[in-house]
Amino acid sequence: MTLLEKINQPSDLRKLSSAELAELSEEIRQFIVDTVTVTGGHLGSNLGAVELTIAMHLAFESPKDILLFDTGHQAYVHKIITGRRPRFETLRQEGGLSGYPSKSESEHDWIENSHASTALSYAYGLASSLELGRGPAVGLTDAQSASDSTRYVVALVGDGALTGGLAYEALNNLGHGSKKVIIVWNDNGRSYAPTISRLSSSITRIRLNPTYIQARSRVRQVLQEFPKVGPLATSGLVSLTAALREAIEPRVFFESLGVRYTGPIDGHDISAMEYAFRGAKEWQGPIVVHVVTHKGHGYGPAEADEVQCLHDLKVASILTAANRESYTEAFSDKLCEIGERRPEVVAITAAMPSPTGLLRFQDRFPDRFYDVGIAEGHAVTGAAGMAMGGLRPVVAIYSTFLTRAFDHVNLDVSLHNLPVTFVIDRAGVTGDDGPSHNGVLDLVEMLAVPNMTVFAPSSTAEVGLALETSLDLPGPSAIRFPKTAGPHLLAPEVPLSQGLTARRLHEGSSGVAIVGVGKLAEVALEAAVRLEEEGLSVAVWDPRVVKPFDPAMLAELSRCSTVYVAEDGFVPGGVGTHLRYALDGLPESDAEVVELGLPIAYEKVGKADAILSKRGLDAVGLARRVLSDSAARDVDGFGLSELAREGRTTKPF
């Protein structure tokens, strides 16, 4: 039996010697590599946090002590230690373990945070509740858990989380309120890529600087040599060291906020960290324990990856099917092409240059590329300022992260009608990363913003057309596309549309039309083929632009009896809702609009297309719905069979 197989709960760690803990670290590291190379997931972040997580569980008593992870993708080792090793092979699979902390999985998990910079605010609130003699229960049968004065709130913050403004708001309040919170700063200098932060680089550099260390040692030695007063002077070294520190380094950021600071400590030395954590428990206010780790530690391929350290490992290309292409790659190619001929175009990312397709633009135009760290609100308002100054900013961002900056989009950009282009990647259902990463709000949000033009390309070829058009608009625009691969072009026999016009992909004669938004245009086209085989001829529209709608498309749809709108976002407030309002405003329209999309709910982990299929948003489900509705209305004249009239077909859809 391996050492890892003996670890079923955190207390099992205390049975091991220092040598065995080191051996266990390597076993955990190999276990994570073996699993994540099959399932995919956040590899480099967790390889760097193995010893750190072990030391935390040695020094603290989870779940009595509240351990928070920020960003939550650093919690794989925590999951393994807290009894989830047997299920770890189900990581990020349907019905399996989440890639982030999950309250439904374990009492050791407190927050389900996949968005960075939140843990310190959670910690502030939890510490406040403990101060008032309350606090969350931890599964005990008596009332001891909530009011126990020996409980600790511990926030592991790192992998770029300290580049987000929310973390600094929380630090300010932690210091001001003297909250008893232990902040473990996992300083690996990175988030997805090298972290954009003066704080990380300057403090680490100076604290490790031999000049500072040697100077402090010389002062200690000189003080000890003073006759009689030596011991007394040495005991006052804390204040003298502070003065020395002020003389050879900038004012310590944390301490200026009222937060005690200690470190840096080797983040791969378990005993050193355990000692520091136990010491931090004695401090009666907020304290930062600065731990320096190496992202991807102990795994050659991760250490060799200078850009991401295998931050998020993709086990296989998403371009597995023939004739499928990456929307992100299509955007990246087009942006670089435009950048060559339009020097006013600049690109902005919030700590994600590689996942959003900006690395090539960064390499080609480094002076026109801006990585602001995990600071989405700043990215958006910074882009507003750039647009005021005559630039054409392109903000590349995940759909789920754009929601963090909605107020800035609405009031800093759109209120001023500034020409900022938002390229919204991972729009719609993303699946594997769970509910917090699904991009199901961006349509509702962007459609509600005045002055905003919203593009929903149905193919990779349409991405380039949308980007070209958006950069010529006088106001703000958004281009949304999915994580899943798509076709190069739908219905290539149909002439391409330009500008803000829609594209009819399929003619119909039944008075029924399907409007497929973005990736669901392909689904709508496939459904139309199935329906035609059943004797029902429906029109299919790719709106291309869902705000404003093409007047020519509206005129055509107004003559239909039924219009189905299929989209991969929430139904209320989505494209279907807005299209219904638009058609209701046309006096000649009697069209019934059927809105098909996602309910307002958190979708569980699963493959994106499988989740859509369960919601009836695949070709089979869409065709079945249209056929069933047609049979229910007793539509005549389309050659429908009796089975079709019952909502079934002669084929197993």
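Around CG of D590, the count of heavy atoms belonging to other residues, nucleotides or ligands within 6.0 Å does not exceed 12. Summarising the local packing, CD of E89 is surrounded by 12 or fewer heavy atoms from other residues, nucleotides or ligands at distances under 6.0 Å.
Note: L467 CG to D472 CG = 10.0 Å, rounded to the nearest 0.5 Å. T400 contributes atom OG1, which lies 11.5 Å from atom CD1 of I424 (distance to the nearest 0.5 angstrom). Between the OG1 atom in T577 and the CG atom in L447 there is a gap of 9.0 Å [rounded to 0.5 Å]. Note: D442 CG to S399 OG = 3.5 Å, rounded to the nearest 0.5 Å. In this structure, the separation between CZ on R580 and CD on E592 is 10.5 Å, given to the nearest 0.5 Å. One distance of note links CG of L612 with CG of L598; it measures 6.5 Å at 0.5 Å rounding.
Contact between A119 and D70 at its shortest, heavy atoms only, is N-OD2, 3.0 Å. The two residues V523 and A619 have their closest heavy-atom pair at CG1-N, 3.4 Å. N451 and S414 make their closest contact through ND2-O, 2.8 Å (heavy atoms, listed as atom of the first residue, atom of the second, distance). Minimum heavy-atom separation, S589 to A591: OG-N, 3.4 Å. Heavy atoms only, all atoms of each residue included: P450 and N410 are closest at CD-OD1, 4.0 Å. The two atoms that bring L418 and A387 nearest to each other are CB-CB, 4.0 Å, heavy atoms only.
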| said: With side-chain contact (heavy atoms from CB on, under 4.5 Å) as the criterion, how do R426 and Y327 come out once you've worked through the C-alpha distance, each side chain's angles and the decisive distance to 0.1 Å? | reply: CA-CA 9 Å; R426 271 66 167 179; Y327 285 89; over 6 Å; no
| message | The test is side-chain contact (heavy atoms from CB on, under 4.5 Å); show your working for F422 and V413 and say whether it passes. | response | CA-CA 11 Å; F422 298 97; V413 174; 4.0 Å; yes
| task | Would you sort out whether V36 and R92 count as a side-chain contact (heavy atoms from CB on, under 4.5 Å), showing the intermediate values? | result | CA-CA 10 Å; V36 175; R92 302 174 76 247; over 6 Å; no
| said: Run V409 and M452 through side-chain contact (heavy atoms from CB on, under 4.5 Å) and show every step you take. | reply: CA-CA 9 Å; V409 172; M452 182 70 69; 3.6 Å; yes
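Of the N and O atoms on the side chains of T82 and R84, at least one donor lies less than 3.5 Å from an acceptor on the other residue. Between the side chains of E445 and T403, no donor-acceptor pair is found at a separation under 3.5 Å. Between the side chains of D425 and T356, no donor-acceptor pair is found at a separation under 3.5 Å. Looking only at atom types and distance, the side chain of D629 has a donor-acceptor partner in the side chain of Y564 under 3.5 Å away.
Within the 4.5 Å cutoff, side-chain heavy atoms of R615 are placed close to those of P599. Residues D609 and K607 form no side-chain contact, since every pair of their non-hydrogen atoms from C-beta on lies 4.5 Å or further apart. By the 4.5 Å heavy-atom criterion applied to side chains, E462 and F481 are not counted as neighbours. No side-chain heavy atom of S470 sits under 4.5 Å from any side-chain heavy atom of T453. You'll find the side chain of Y76 reaches within 4.5 Å of the side chain of L91, heavy atoms only. Looking at F331 and L358, their side chains come closer than 4.5 Å, going by heavy atoms from C-beta outward. Between L525 and D542 the shortest side-chain heavy-atom distance does not fall below 4.5 Å. A heavy-atom distance below 4.5 Å is found between the side chains of L443 and R480.
With hydrogens and angles disregarded, no donor-acceptor distance shorter than 3.5 Å links the side chain of H408 to the backbone of H378. Without hydrogens or angle criteria, T469 side chain to L465 main chain gives a donor-acceptor distance under 3.5 Å. Put simply, the side chain of K547 gets close to the backbone of V449: a donor and an acceptor are under 3.5 Å apart. Under the 3.5 Å distance criterion, the side-chain polar atoms of T430 are matched with a main-chain donor or acceptor of H437. For S121 (side chain) and A170 (main-chain N/O), no donor-acceptor pair under 3.5 Å exists by modelled atom type. Judged by distance alone, with hydrogens and angles left aside, the side-chain atoms of D568 form no donor-acceptor pair with the main-chain N or O of V429 at under 3.5 Å. Between the side chain of S561 and the main chain of G511, a donor-acceptor pair closer than 3.5 Å is present. Between the R503 side chain and the V494 main chain, a donor and an acceptor come within less than 3.5 Å of each other. Distance alone, capped at 3.5 Å, places no donor-acceptor pair between the E588 side chain and the S558 backbone. Looking only at distances, no side-chain donor or acceptor of S477 sits under 3.5 Å from a matching main-chain atom of P419.
Between R360 and E329, at least one side-chain N (NZ, or NE/NH1/NH2) sits under 4.0 Å from a carboxylate O, which counts as a salt bridge. In summary, E105 and R87 do not engage in a salt bridge, as defined by a charged side-chain N under 4.0 Å from a carboxylate O. Ionic pairing of R504 and D550 is not present here: no N-O contact between side-chain nitrogen and carboxylate oxygen is shorter than 4.0 angstrom. Comment: R559 engages E556 in a salt bridge, judged by a side-chain N to carboxylate O separation of less than 4.0 angstrom. With salt bridges taken as basic N to acidic carboxylate O contacts below 4.0 Å, none links E603 and K614.
For the pairing with E522, the side-chain contact (heavy atoms from CB on, under 4.5 Å) check across P487, S459, S458 returns one residue only, P487.
Between H578 and Y581, the two ring planes are perpendicular [angle over 60°; tilted spans 30° to 60°].
Applying the salt bridge (charged side-chain N to carboxylate O under 4.0 Å, His left out) test to residues at least two apart or on different chains, the pairs with a partner in residues 399-420 are E376-R404.
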